Colleague: 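Take a look at this one; I'll ask things after.
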Amino acid sequence: MIKKDDNLEVARHSLAHIMAAAVFELWPNVRFAIGPATENGFYYDFDFGKDKVSENDLIKIEKKMNHIIRRGLKFEKSELSVEEAINKEKKAKQLYKLELIQDLKKGGEKKVCYYELGNFKDLCRGPHIESSGKIAKGSFKLTKLAGAYWRGDEKNKMLTRIYGVAFASKKELDEYLNMLAEAERRDHRKIGKEQGLFIFSDLIGPGLPVYTDKGAIVRNEIIKYSNELQREIGYNEVHTPNINKAELFKISGHYDKYKDDMFRVASNYSDEEYYLKPMNCPHHTQLYGSRKRSYKELPYRVSDFANLYRDEKPGELSGLSRLRCFSQDDGHCFCREDQIKDEFVSVLGVINKAMKTYNMEYEIRLSLWDPDNPDKYLGDAKVWEKSQKLLEDILKENKISYRKKEGEAAIYGPKMDLISKDSLGREWQISTIQLDFIMPERFGLTYVNEEGKEETPVMIHRAIVGSPERFMGILIEHYAGAFPVWLSPVQVKIISVGEKHIDYCRKLAGEFAENNVRVEIDDNNETVGNKIRKAAGEKVPYVLVIGDREMSSEKLAVRDRGKTKIREIAKDKFVKEIEEKVKHRIFEL
RNA sequence: GCCGAAAUAGCUCAGUGGUAGAGCACUUCCAUGGUAAGGAAGGGGUCCCGGGUUCAAAUCCCGGUUUCGGCUCCA
């Protein structure tokens, strides 16, 4: 057991050191980079040179680590002058350590710290646990091997990073590993395949999902709900094309920054540069600017579900989380400065409502610019200061708690991001509301004020669930595939007992369908038990078994998802129940 | 894009140089079923694609595609 006086982070950091010592024993020519503690464990970056290290070696390293732990070696701290350290690392050809020390020297350091464990001495600020023997038996595990750039810069050499997870006890480690296993069971890619919601095709291309009829139901329900919420606060849906001239993005500023991440489209009849659009905002500026606007028309609000295309790097694609073709419940509001607050508050209101409906918790993050890096953004410091203060005031006035994050702003302005938590406590960024003083000016948008003078409106960019596709992936994992009734692709499964009941099942299914209930019949030549098992695996909310008893009465035998007790209910009442659940988007069954 | 791993039946996977396999699914037959696997038989393969080594390649090598775990990126 790791003693109480040694906190977990220190122990994790020490494990990284122990791993490095183990690696040093196995590969004496290895070069060391850095090895910090992480949220759930630790890692160390190594340069193995020509040696190939694979996942199989993790077991070997782990054994060696356990050996070091059993020996109960002391962590001996010592200090060297910067010059001595530089000489030492030069001699040992530890060029990464050398670079680190040289940087410390530039920062004015005179002395550096070393920790020695057995015969392995590593540059390290510490602190460490007293002895390797303090690590609890079975409290850590090496999990994966991955590439990582030296100092996180893709221009630098790729090192080999070995990850480990570590906790105060074996019990806590096991709990964590169980959580990972649960996350794996809920993986939207796996459930999406099992439930037949979407597919990818080598012929269509990576990151380009195809939704089945069932998947399209879920996607459409998400969009439908988002549209309802948007209409509630005055946003009306518009429709825009998927390609446009480069000029549009040159004016918006996206061309300079994101040109390499956009798909270029060739025309046979013109030399004009066209692109598939990666976002809707510039298009909406054209709608606004299509005629002269009066202050009386403001706020002018539009929303759009057009497909968006981004040429993401191949390694960045992942299931529905990161796609090359997706959409957004993307809305833009053009308004006067004195209308900003009300607009933000109304959007925050519907987002809150949406998250309640989806049964998700969330918190607000205020994403600000990085004042040390003004070149990353459009517009001058004064506008940024002003708009950031405005957003913070809105949160304060409405007593909404928030976290601030510098350097996370959009290029055109600060934003409020909504970080939601799923049932496993994992965080996802979903909604966003962004303030933009830049874009309207760049496009020369104006409105005529009360005095007949032209003024520039402010633009607010916002999304409620962000990308419906990505959100669908998040929901699959959040619900572990058990969608609430209103989102379920199949709401009722009808199981026939015998062959003579099939006609009646079809008649019943017809009645359900007429009442907009999504229904499926399982009339396979199988036992009732087997058909129940399959329906349960599909996470269908309601399963009906139809036999002689049901045919001779108006009562239905309903099996609710997750329950084994059978409920008897009149057919009309059951249909009404589903209608209510769908109408009010009730989460519980 | 970079580092590493993987791709075999519809699905999950076994097979490591010598006749392509299992479970589930599917089809047919028997059973006519009552709330989480009834029985039997059968069909089903571009072993991701292209090249190479070999008497012989699903298996070894090279290139490509796609996927996965990371890194970098994410308007």
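Worth saying up front: this structure is predicted, and the values here are computed from it rather than measured. Side chains are part of it too, since the values below use all heavy atoms of this structure and drop only hydrogens, waters and symmetry mates. Each chain gets a letter, A, B and so on, in the order its sequence line appears, and its residues count up from 1.
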Colleague: If you define the side chain from C-beta out and look only at heavy atoms, does anything of A/T240 sit under 4.5 Å from A/H284?
Modeller: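 Touching, per the 4.5 Å side-chain cut-off.
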Colleague: Could you tell me how far apart A/D548 (CG) and B/U35 (P) are, to the nearest whole angstrom?
Modeller: 14 Å
Colleague: Does any non-hydrogen side-chain atom of A/F512 lie less than 4.5 Å from one of A/I494?
Modeller: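 Yes; the side chains approach each other to less than 4.5 Å.
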Colleague: Please measure how far the P atom in B/U72 lies from the corresponding atom in B/U65, and state the result in whole Å.
Modeller: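 Nearest-Å result for B/U72 against B/U65 at atom P: 24 Å.
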Colleague: B/G63 pairs with which nucleotide, Watson-Crick or G-U wobble, both distances below 3.5 Å?
Modeller: B/C49
Colleague: When the C1' atoms of B/C71 and B/G15 are compared, how many Å lie between them, rounded to an integer?
Modeller: 34 Å
Colleague: Which one of A/H283, A/H461, A/Q434 satisfies the side-chain hydrogen bond (donor to acceptor under 3.5 Å, both in side chains) criterion with A/H332?
Modeller: A/H461
Colleague: Under 4.0 Å between any heavy atoms, over every strand shown, what does A/G319 touch: base, sugar-phosphate, or nothing? Just pick one.
Modeller: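 The answer is sugar-phosphate, as A/G319 gets under 4.0 Å only of primed atoms, P, OP1 or OP2.
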Colleague: Could you check which residues of residues 278-286 of chain A get a heavy atom under 4.0 Å from RNA chain B? Sort them by number, please.
Modeller: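 Of all residues in residues 278-286 of chain A, the ones placing a heavy atom under 4.0 Å from RNA chain B are A/P278, A/M279.
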Colleague: What is the distance, rounded to the nearest whole Å, between atom CG of A/D153 and atom P of B/C73?
Modeller: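 So the CG-P distance, A/D153 to B/C73, works out to 8 Å.
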Colleague: In whole angstroms, how far is the C1' atom of B/C71 from the CD1 atom of A/I34?
Modeller: 12 Å
Colleague: Name the nucleic acid region contacted by A/G547, choosing base, sugar-phosphate or nothing; use a 4.0 angstrom heavy-atom cut-off, strictly under.
Modeller: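 Result for A/G547 = base.
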Colleague: Under 4.0 Å between a side-chain N or O of A/R533 and OP1 or OP2 of B/U35?
Modeller: no
Colleague: Mind checking if A/A410 touches a base, just sugar-phosphate, or nothing, with heavy atoms under 4.0 Å?
Modeller: nothing
Colleague: So, does A/K144 get its side chain near the phosphate of B/G70, meaning an N or O under 4.0 Å from OP1 or OP2?
Modeller: yes
Colleague: Can you tell me how far C1' of B/U12 sits from NZ of A/K190, to the nearest Å?
Modeller: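 Roughly 10 Å, once rounded to whole Å.
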Colleague: Once you round it to whole Å, what is the distance between P of B/A75 and CG of A/D436?
Modeller: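 So the two atoms are 14 Å apart, to the nearest Å.
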Colleague: Which value, in whole Å, describes the distance between the C1' atoms of nucleotides B/U67 and B/G34?
Modeller: 44 Å
Colleague: Salt-bridged, A/E520 to A/K493, with N to O below 4.0 Å?
Modeller: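 Looking at A/E520 and A/K493, the cut-off is met.
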Colleague: Please work out if A/E538 contacts a base, only the sugar-phosphate, or nothing of the nucleic acid, heavy-atom cut-off 4.0 Å.
Modeller: nothing
Colleague: Mind listing the N/O atom pairs, protein and nucleotides 3-7 of chain B, below 3.5 Å?
Modeller:
{"from": "B/C3", "atom 1": "O2", "to": "A/G147", "atom 2": "N", "distance (Å)": "3.0"}
{"from": "B/G4", "atom 1": "OP1", "to": "A/K52", "atom 2": "NZ", "distance (Å)": "3.3"}

Colleague: Using atom C1' of each nucleotide, how far apart are B/G45 and B/C55 to the nearest Å?
Modeller: 25 Å
Colleague: Is the closest basic N to carboxylate O distance between A/R151 and A/E99 below 4.0 Å?
Modeller: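 Yes, A/R151 and A/E99 are salt-bridged.
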Colleague: Which comes earlier along RNA chain B counting from the 5' end, the contact point of A/E154 or that of A/R559, where each point is its nearest nucleotide?
Modeller: A/R559
Colleague: Thinking salt bridges, do A/D522 and A/K534 make one under a 4.0 Å N-O criterion?
Modeller: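 Salt bridge flag = no for A/K534 with A/D522.
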Colleague: Dump the pairs, protein N or O against N or O of nucleotides 41-43 of chain B, anything under 3.5 Å, distances to one decimal.
Modeller:
none

Colleague: So, under a plain 3.5 Å distance rule, would you say the side chain of A/R322 forms a donor-acceptor pair with the base of B/C73?
Modeller: yes
Colleague: With a 3.5 angstrom cut-off on both distances, give the Watson-Crick or G-U wobble partner of B/U54, or none if there isn't one.
Modeller: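 WC or wobble partner does not exist here.
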Colleague: Across all strands, who's sitting opposite B/G4 as a Watson-Crick or G-U wobble pair, both distances under 3.5 Å?
Modeller: B/C68
Colleague: Can you check the A/D261 CG to B/C73 P distance for me, whole Å?
Modeller: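 Interatomic distance, CG of A/D261 to P of B/C73: 12 Å.
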Colleague: Can you figure out which of B/G69, B/U35, B/A75 approaches the side chain of A/S318 most closely?
Modeller: B/G69
Colleague: Return the nucleotide paired to B/C13: Watson-Crick means purine N1 to pyrimidine N3 with N6-O4 or O6-N4, wobble means G-U with N1-O2 and O6-N3, both under 3.5 Å.
Modeller: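 In the structure as shown, B/C13 has B/G21 as its Watson-Crick or wobble partner.
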Colleague: Taking B/G69 as the reference, what is the distance to B/U12 when you measure between their P atoms (whole Å, please)?
Modeller: 15 Å
Colleague: Do A/R567 and A/D560 meet the salt-bridge criterion of a basic N to acidic O distance under 4.0 Å?
Modeller: yes
Colleague: Compare the ring of A/Y258 with the six-membered ring in the base of B/A75 and state whether they stack (centres under 5.5 Å, planes under 30°).
Modeller: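 Stacked: ring centres under 5.5 Å, planes under 30°.
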Colleague: In sequence, state the C-alpha distance, the side-chain angles, and the governing distance for A/F48 and A/V23, and then conclude on side-chain contact (heavy atoms from CB on, under 4.5 Å).
Modeller: CA-CA 10 Å; A/F48 286 98; A/V23 166; 3.7 Å; yes
Colleague: Measure from the side chain of A/A557, starting at C-beta and using heavy atoms only, and say which of B/A37, B/C73, B/U35 lies closest.
Modeller: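 Nucleotide nearest to A/A557's side chain: B/U35.
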Colleague: Does A/E316 come within less than 4.0 Å of A/R322, counting only side-chain N to carboxylate O?
Modeller: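 Salt bridge: yes.
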Colleague: Looking only at side-chain N and O atoms, does A/N530 come under 4.0 Å of OP1 or OP2 in B/A36?
Modeller: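 A/N530 to B/A36 OP1/OP2: no side-chain N or O under 4.0 Å.
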Colleague: Side chains of A/F249 and A/E273: does their closest heavy-atom pair fall under 4.5 Å?
Modeller: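 No, too far: nothing below the 4.5 Å cut-off.
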Colleague: Taking the same atom, P, in B/A14 and in B/C29, what whole-Å distance lies between them?
Modeller: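 So the two P atoms sit 36 Å from each other.
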Colleague: Where the side chain of A/Q434 is defined as all heavy atoms beyond and including C-beta, which of B/G1, B/A75, B/G34 is the nearest nucleotide?
Modeller: B/A75
Colleague: If we only count heavy atoms from C-beta on, is the A/D45 to A/Y43 side-chain gap below 4.5 Å?
Modeller: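 Side-chain contact under 4.5 Å: yes.
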Colleague: Are A/E343 and A/R462 ion-paired here, with the side-chain N under 4.0 Å from a carboxylate O?
Modeller: no
Colleague: Any idea which of B/C26, B/U35, B/G69 is nearest the A/K534 side chain?
Modeller: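 So the nucleotide nearest the side chain must be B/C26.
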Colleague: Rounded to the nearest Å, what distance is computed from the CZ atom of residue A/R442 to the C1' atom of nucleotide B/A75?
Modeller: 13 Å
Colleague: Just checking, is any N or O donor in the side chain of A/S367 or A/D417 under 3.5 Å from an acceptor N or O on the other one?
Modeller: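 Yes, a side-chain donor-acceptor pair sits under 3.5 Å.
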Colleague: Taking the P atom of each, how far is B/C73 from B/G21, in whole Å?
Modeller: 50 Å
Colleague: Less than 6.0 angstrom separating the ring centers of A/F42 and A/Y44, yes or no?
Modeller: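 No, too far apart.
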Colleague: Does A/G315 or A/E526 map to a spot on RNA chain B nearer the 5' end, using the closest nucleotide for each?
Modeller: A/G315
Colleague: Would you please confirm or rule out a distance under 4.0 Å between OP1 or OP2 of B/G69 and any side-chain N or O of A/R189?
Modeller: yes
Colleague: For the residue pair A/I251 and A/P282, establish whether any side-chain heavy-atom pair is separated by less than 4.5 Å.
Modeller: no
Colleague: To the nearest Å, how far apart are A/L317 CG and B/C71 C1'?
Modeller: 15 Å
Colleague: Got a second to check how far A/I243's CD1 is from A/Y274's OH, nearest 0.5 Å?
Modeller: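 A/I243 CD1 to A/Y274 OH: 6.5 Å, rounded to 0.5 Å.
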Colleague: Any idea which of B/A75, B/U35, B/C73 is nearest the A/V528 side chain?
Modeller: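 Looking only at side-chain atoms, A/V528 lies closest to B/U35.
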Colleague: Would you tell me if any nitrogen or oxygen in the side chain of A/Y149 comes within less than 4.0 Å of OP1 or OP2 on B/C73?
Modeller: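 It does not, given that no N or O in the side chain of A/Y149 lies less than 4.0 Å from OP1 or OP2 of B/C73.
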Colleague: In whole Å, measure the gap between the P atoms of B/G43 and B/A6 for me.
Modeller: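 My reading of the P atoms in B/G43 and B/A6 gives 34 Å.
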Colleague: Is it the case that B/G1 (base atoms only) and A/E312 (side chain only) share a donor and an acceptor within less than 3.5 Å, ignoring hydrogens and angles?
Modeller: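 Donor-acceptor pair under 3.5 Å: no.
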Colleague: Heavy atoms under 4.0 Å, any strand shown: does A/Y163 hit a base, just sugar-phosphate, or nothing?
Modeller: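 The residue A/Y163 makes sugar-phosphate contact but no base contact.
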Colleague: It should be established whether A/K193 places a side-chain nitrogen or oxygen under 4.0 Å from OP1 or OP2 of nucleotide B/U12.
Modeller: yes
Colleague: Searching all strands shown, indicate the nucleotide that pairs with B/A40 (Watson-Crick or G-U wobble; both distances under 3.5 Å).
Modeller: B/U28
